[in-house]
Amino acid sequence: MLDIKLLRDRADFVGERLATRHAGDEAKVTEILAHDTRWRDAIAESQQLKARRNSASKEIGALMGQKKTAEAEAKKVEVRATGDRIAELDQVSAEAEAARDALLLTVPNLPHASVALGREAADNPEIRTHGAKFDYAFKPRNHIELCEQLKLVDFARGTKLSGSGFLLYTGWGARLERALINFLLDLHTSEHGYTEVAPPYIIGEHCMVGVGQFPKFKDQAYAVQEGLDGSTLGKLYLVPTAEAPVANIHREEILAAEQLPVRYVAYSPCFRAEAGAAGLGTRGMIRVHQFDKVELIKLVEPEQGYAELEAMVGNAEKVLQLLGLHYRVINLCTGDMGFASAKTYDIEVWAPGQGQYLEVSSCSNCEDYQARRMSLRYKTATGENRFPHILNGSGTALARLFVALVETHQQADGSVLIPEPLRPYLRTDRLTA
RNA sequence: GGAGAGGUGGCUGAGUGGUUUAAGGCGCACGCCUGGAAAGCGUGAGUAGGCUUAUACCCUACCGGGGGUUCGAAUCCCCCCCUCUCCGCCA
């Protein structure tokens with residue numbers, strides 16, 4: 001969440017930056033500050049009265065010790081009235097604080113100054129491209145055709161098991177998926193300096209709040225219930241991304257400055273309800289309820305935040321380069337950026353069978369927005385507690401990578417050539433029917 | 001699912017209603033001492049918030065969390081959470 005002090009000191013600035021997102025959140029600033037003022041007035045008076053009560057109570061204790069019971073009793077009556085007033089004030093302050101914080105949690109992060117202004121995806125500037133669209137001597141098939149011919153994915157039976165939006169990988173398809181996961185984890189641990197972690201796939205609600213998934217996107221998550229015990233519903237959720245558990249690993253901790261930077265890489269399946277999303281219900285692997293992803297997470301000192309973001313994008317790009325895929329990097333404009341992010345790069349890979357670019361990675365610097373929500377800090381050499389920048393990026397999402405891979409490397413005979421770096425993992429250089 | 005034990009500062013560990021400002025110990029930082037160290041001695045150090053130009057002072061809160069009793073709660077009462085051990089079931 002945003003620093004309440006920033007809202008107090010620079011309300012206009014905060015409002016202006018929020019307005020660039022075109023989501024109407026700037027209207028909340030005044031309301032938040034009204035709650036805040038109410039809270040501060042009440043807490044200040046309450047604290048003064050508490051100081052008075054504390055000293056009076058001590059005096060009563062001393063009088064009792066000296067057996068001056070009459071004087072002690074008189075004093076008690078006096079203090080009792082103070083106690084009643086304190087109770088009133090504490091009720092006001094608790095209510096005001098809760099209202100302020102509940103609203104503050106619904107306010108997104110401020111876009112970084114370098115982010116392009118814009119309303120929608122069409123306004124996202126392209127930063128760079130790698131490779132080029134390949135000219136095929138034949139009409140390239142799309143991944144659905146390829147997967148069916150090569151028996152990589154059994155779409156019909158996936159749907160039979162779990163409904164639309166769920167995939168059953170089969171044979172070489174299952175092996176390709178597993179090979180890609182291992183390839184990605186090995187690349188980021190061995191070549192890019194990340195430490196591998198394997199998080200739980202079911203996590204507490206507080207983790208979802210910590211990364212900013214909740215309260216806003218509660219309708220997009222799969223809530224877990226223990227058996228038929230309805231009272232357990234809403235406490236645990238299937239991970240929508242490994243970012244949620246991994247970014248929270250050090251929540252409510254104060255790290256030593258020497259521990260930074262922290263760089264984690266984690267594989268997890270990702271579960272998304274995609275309620276109301278366009279495109280689900282169409283066949284294929286582009287938008288599904290469950291997909292695999294290898295996620296990159298960094299906790300870094302604020303001064304390093306943006307350099308580390310550039311490096312993270314480079315780490316994700318390396319994946320596509322090694323796999324011989326054409327892609328472009330775009331910078332999300334203010335109106336298209338995610339809730340917690342201050343700056344986001346998307347990487348879109350070319351899928352010739354689809355004839356379109358597919359988003360396979362989204363790398364964001366959330367600055368201290370998430371760290372503040374999860375109370376994650378680090379102590380500087382001078383003893384100051386600061387919030388680190390938290391970055392997350394896909395390195396990369398699997399289902400769409402799978403699509404781009406088979407569509408790009410398909411051959412005229414319908415087989416798929418496996419790129420060199422993947423061959424040791426798959427133990428074959430070609431997928432054939 | 002059943003039974004039991006426990007949750008106090010960085011760690012350990014006392015504290016069952018009022019000079020406790022959470023004892024003592026360990027560890028940590030700084031200083032004295034020393035040729036240098038150790039030992040010894042001394043000093044200091046938590047988190048959040050309020051008030052502030054201030055990371056100065058002062059004040060408030062924090063002994064798993066939330067309520068309650070009281071002038072006053074780590075301590076008494078109620079509810080909840082978590083951890084550990086044993087039994088049962090189980091990959």
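Model, not experiment: these values are computed from the prediction. The figures here come from the full heavy-atom set of this structure, side chains too, leaving out hydrogens, waters and symmetry mates. So that the names make sense, note that chain A is the first sequence line, chain B the second, and so on, each numbered from 1.
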When the [atom1] atoms of [M] and [N] are compared, how many Å lie between them, rounded to an integer?
N     : M     : atom1 : result
B:C90 : B:G6  : C1'   : 27 Å
B:A39 : B:A54 : P     : 42 Å
B:U47 : B:C33 : C1'   : 36 Å
B:C28 : B:A38 : P     : 10 Å
B:U43 : B:G24 : P     : 12 Å
B:A29 : B:A14 : P     : 27 Å
B:U60 : B:C51 : C1'   : 11 Å
B:U34 : B:G27 : P     : 24 Å

Exercise. For A:R8, answer base if it contacts any base atom (sugar-phosphate contacts may also be present), sugar-phosphate if it contacts only those atoms, and nothing otherwise; contact means non-hydrogen atoms under 4.0 Å.
Key: sugar-phosphate

Q.
Under 4.0 Å, counting only non-hydrogen atoms across every strand here, what does A:K75 touch: a base, just sugar-phosphate, or nothing?
A. nothing

Rounded to the Å, how far apart are [X] [atom1] and [N] [atom2]?
X      : N     : atom1 : atom2 : answer
A:L236 : B:C81 : CG    : C1'   : 13 Å
A:E78  : B:G72 : CD    : P     : 13 Å
A:D3   : B:A48 : CG    : P     : 12 Å
A:E252 : B:C62 : CD    : P     : 18 Å
A:D90  : B:G50 : CG    : P     : 15 Å
A:L49  : B:A61 : CG    : C1'   : 15 Å
A:R373 : B:A48 : CZ    : P     : 19 Å
A:E253 : B:G10 : CD    : P     : 13 Å

Under 4.0 Å between a side-chain N or O of [X] and OP1 or OP2 of [N]?
X      : N     : result
A:N54  : B:C59 : no
A:R80  : B:C71 : yes
A:K379 : B:G46 : no
A:R377 : B:A48 : yes

So, does [X] use its side chain to make a donor-acceptor pair with the main chain of [Y] at under 3.5 Å?
X      : Y      : result
A:H188 : A:G395 : yes
A:S415 : A:T432 : no
A:S364 : A:C366 : no

A:E59 meets the side chain to side chain contact (heavy atoms under 4.5 Å, CB included) criterion, sequence neighbours left out, with A:K75

Ion pair A:E308/A:R263, N-O distance below 4.0 Å:
yes

Next on the checklist: Assess whether a salt bridge exists between A:R283 and A:E148, defined as any Lys/Arg side-chain N lying under 4.0 Å from an Asp/Glu carboxylate O.
Outcome noted: yes

Rounding to 0.5 Å, atoms CZ (A:R157) and CG (A:L167) come to a distance of 15.0 Å

Per the 3.5 Å Watson-Crick/G-U criterion and a run length of at least three, the stems involving RNA chain B are B:1-7 with B:81-87, B:10-12 with B:24-26, B:28-32 with B:40-44, B:46-50 with B:58-62, B:64-68 with B:76-80

Residues passing the ring-ring contact (aromatic ring centres under 6.0 Å, His included) test with A:Y378, sequence neighbours excluded, are none

Applied to residues 198-213 of chain A, the salt bridge (Lys or Arg N to Asp or Glu O under 4.0 Å) test, sequence neighbours excluded, yields A:E205-A:K218

Give every pair of a protein N or O atom and an N or O atom of nucleotides 16-20 of chain B that lie under 3.5 Å apart, one pair per line with the distance.
{"residue": "B:G18", "atom": "N2", "partner": "A:S57", "partner atom": "O", "Å": "2.7"}

Only residue of A:F214, A:F217, A:Y222 satisfying ring pair (Phe, Tyr, Trp, His ring centres under 6.0 Å) with A:Y237 is A:F214

Starting from the C-alpha separation in whole Å, work towards a yes-or-no answer on side chain to side chain donor-acceptor pair (under 3.5 Å) for A:Q370 and A:E243. CA-CA 11 Å; A:Q370 295 177 321; A:E243 173 200 352; 2.9 Å; yes

Assign each of A:K5 and A:E226 the nucleotide of RNA chain B bearing its closest heavy atom; nearer the 5' end lies the nucleotide of A:E226

Comparing A:K50 with A:I254, nearest RNA chain B nucleotide closer to 5' gives the residue A:I254

side-chain hydrogen bond (donor to acceptor under 3.5 Å, both in side chains) test vs A:N124 passes for just one of A:D336, A:T344, A:N331, A:D346, namely A:D336

Subject >> Working for side chain to side chain donor-acceptor pair (under 3.5 Å), residues A:Y306 and A:E367 >> reply: CA-CA 9 Å; A:Y306 284 94; A:E367 298 192 355; 2.4 Å; yes

Contact check, residues 33-48 of chain A vs RNA chain B, heavy-atom distance under 4.0 Å, returns A:W39, A:R40, A:A44, A:Q47

